Amino acid sequence: MRFAGKTVVVTGSGRHKGLGQGILQRFADEGANCVVSDVRIGDEAEEVAQELRGRGAQAIAIACDVSDPAQCDALVVAAAAEFGAVDVMVNNAGIGFMMKPFLDVDPADWAKVIAVNLSGAFYCTKAAAKDMVRRGEGGRIVNIASQAAKTGFPHLPAYVSSKHGMIGLTRASAVELGAHGITVNAVCPNHVTTALGAEQNEYFSKLLGFPTVEAYLANMAAKNPMGRPGLPSDTASAVAWLASDEAVYVTGEALNVSGGEEMH
Ligand SMILES: NC(=O)C1=CN([C@@H]2O[C@H](COP(=O)(O)OP(=O)(O)OC[C@H]3O[C@@H](n4cnc5c(N)ncnc54)[C@H](O)[C@@H]3O)[C@@H](O)[C@H]2O)C=CC1
Ligand SMILES: Cc1ncc2c(c1O)C(=O)OC2
């Protein structure tokens, strides 16, 4: 019960089987008050919150479009009003893919991906850290980057750039926030079969000439020493450790959770 009495906010966590839901399930199991947040709060987000309550946690759902700084400020205010403070902010909201060859990428699509994945993480980091600094009890920020933060992938230039940018954001914020007892780290998962992941599999299995999505997935699994795709629970384990008291001397890090597919 590492997070008894703590409050965690996870952006983009209102979808079934997403990394955000998996992360909140781990925090719920370890005693945290859980804030589900997503661009729209509908039945699915309410079900995610309900399932967390079923695990014995307190959980609420709050709408927040992370590409709007005012909504990120309001998210932190609303979470603190409900549970007293925000101890852990997980920047998980992300949009994929808009997959296109580099030379065909529309500037508006580029801007949208950067606005959600990178600027959104900045706005939420700033909002949460302001509250943490004011309270003076430290805090934890974890950014869900990607293997795409460490290497290039075809037909995903905005995504890859936004995720590399999240590592820069992690380091830039870590160097200033350490003085306040706040650590900031990134986690870099490889492929996880979520709703977002499934969309990408369709596209890449065709692009790379695999006869079926299954053949593409088997090939991808064979690329890492553990021989399987990642699970939301794999990422959740890393996030929970980084958010725990034990990780007090780890900050500005970008931790691969890729079964060894990515090694630096
Ligand atoms: N699935 C994978 O293989 C990998 C995913 N990731 C990252 O993990 C994070 C979670 O993705 P998944 O769980 O795979 O997909 P997902 O689609 O299940 O989760 C993303 C969530 O972000 C929400 N969202 C989209 N735009 C938003 C906005 N403007 N404001 C707030 N929320 C917004 C969506 O509604 C959705 O609930 C993303 O940042 C993604 O880039 C990283 C590495 C691998
Ligand atoms: C679906 C999917 N497959 C592979 C990867 C990602 C992804 O989202 C990613 O972000 O980095 C590698």
Side-chain angles (χ1 to χ4, degrees), residues 9-13 18-20 23 37-39 64-73 75-76 88-130 140-178 182-192 194 196-197 200 230 235 238-239 242-243 250-258 261-264:
V9 177
V10 181
T11 63
S13 57
L19 289 174
I23 292 163
S37 182
D38 217 299
V39 59
C64 174
D65 177 346
V66 298
S67 68
D68 177 354
Q71 292 188 39
C72 298
D73 289 342
L75 170 62
V76 171
V88 181
M89 171 63 81
V90 181
N91 292 312
N92 168 76
I95 52 175
F97 289 115
M98 303 175 179
M99 285 161 284
K100 272 187 189 162
F102 185 88
L103 297 180
D104 296 336
V105 172
D106 176 352
D109 286 350
W110 168 276
K112 173 83 181 154
V113 173
I114 299 293
V116 175
N117 296 7
L118 180 56
S119 304
F122 165 62
Y123 303 142
C124 288
T125 297
K126 188 177 166 194
K130 266 196 171 164
R140 294 282 186 268
I141 295 166
V142 183
N143 294 321
I144 307 304
S146 166
Q147 186 183 11
K150 301 275 185 96
T151 189
F153 285 92
H155 294 212
L156 292 171
Y159 185 78
V160 167
S161 301
S162 72
K163 293 298 182 177
H164 277 69
M166 285 183 96
I167 295 187
L169 171 68
T170 300
R171 292 173 177 159
S173 51
V175 294
E176 291 201 37
L177 296 174
I182 300 166
T183 69
V184 188
N185 292 286
V187 174
C188 302
N190 65 338
H191 174 74
V192 184
T194 60
L196 191 71
Q200 199 197 34
T235 290
V239 173
L242 288 167
V250 178
T251 195
E253 187 57 78
L255 178 63
N256 296 312
V257 178
S258 69
E261 187 171 337
E262 205 62 44
M263 290 197 173
H264 58 257

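Note that this is a predicted model, so its numbers are computed, not measured. Worth knowing before you read on, the calculation uses all heavy atoms, side chains too, and leaves out hydrogens, waters and symmetry mates.
- Looking at every heavy atom in both residues, Val76 comes nearest to Ala128 through CG2-N, 3.8 Å.
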Kindly list each side-chain donor-acceptor pair under 3.5 angstrom involving residues 148-156, sequence neighbours excluded, with atom names and distances?
residue	atom	partner	partner atom	Å
Lys150	NZ	Ala254	O	3.0
Lys150	NZ	Asn256	OD1	3.1
His155	ND1	Tyr203	OH	2.7

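- Closest heavy-atom contact between Ser67 and Tyr123: O-CE1, 3.6 Å.
- Among all heavy-atom pairs drawn from Asn117 and Gly94, the shortest one is OD1-CA, 3.3 Å.
- Here the closest non-hydrogen pair linking Ala145 and Ala186 is CB-CB, 4.4 Å.
- Considering CD1 of Ile167 and SG of Cys188, their distance stands at 4.5 Å, rounded to 0.5 Å.
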Between Ile144 and Val239, is the side-chain contact (heavy atoms from CB on, under 4.5 Å) condition met? List the steps. CA-CA 9 Å; Ile144 307 304; Val239 173; 3.7 Å; yes

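- In this structure, NZ in Lys126 is found 12.0 Å from OG in Ser119, a value given to the nearest 0.5 Å.
- Nearest heavy-atom pair, Cys124 versus Asn91, reported as atom, atom and distance to 0.1 Å: CB-OD1, 3.1 Å.
- Here His191 contributes atom NE2 and Ser146 contributes atom OG; the two are 11.0 Å apart, rounded to the nearest 0.5 Å.
- Contact between Asp38 and Gly12 at its shortest, heavy atoms only, is OD2-C, 3.4 Å.
- In this structure the side chain of Gln71 never reaches within 4.5 angstrom of the side chain of Leu75, judged on heavy atoms.
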Ignoring hydrogens and angles, write down the donor-acceptor pairs under 3.5 Å from the side chains of residues 104-116, residues two or more places apart or on other chains.
residue	atom	partner	partner atom	Å
Asp106	OD1	Ala108	N	2.9

Go through Ile141 and Ile182 one step at a time and tell me if the side-chain contact (heavy atoms from CB on, under 4.5 Å) criterion holds. CA-CA 7 Å; Ile141 295 166; Ile182 300 166; 4.1 Å; yes

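- A side chain to side chain donor-acceptor pair (under 3.5 Å) with Thr170 is found for exactly one of Thr251, Asn143, Thr183, Thr125, namely Asn143.
- Of the possible polar contacts, none joining the Thr11 side chain to the Ser37 backbone as a donor-acceptor pair under 3.5 Å is found.
- Residues satisfying the side chain to side chain donor-acceptor pair (under 3.5 Å) criterion with Asn92, sequence neighbours excluded, are absent altogether.
- Of the inter-residue distances, the one linking Met98 atom CE with Tyr159 atom OH reads 12.5 Å to the nearest 0.5 angstrom.
- To the nearest 0.5 Å, atom CD of residue Glu262 and atom CG of residue Asn190 are 8.5 Å apart.
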Determine, step by step, whether Leu255 and Asn185 satisfy the side-chain contact (heavy atoms from CB on, under 4.5 Å) criterion, reporting the C-alpha distance in whole Å, the side-chain angles of both residues, the deciding distance to 0.1 Å, and the verdict. CA-CA 8 Å; Leu255 178 63; Asn185 292 286; over 6 Å; no

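- Atom CZ of Arg171 sits about 8.0 Å away from atom CD of Glu253, to the nearest 0.5 Å.
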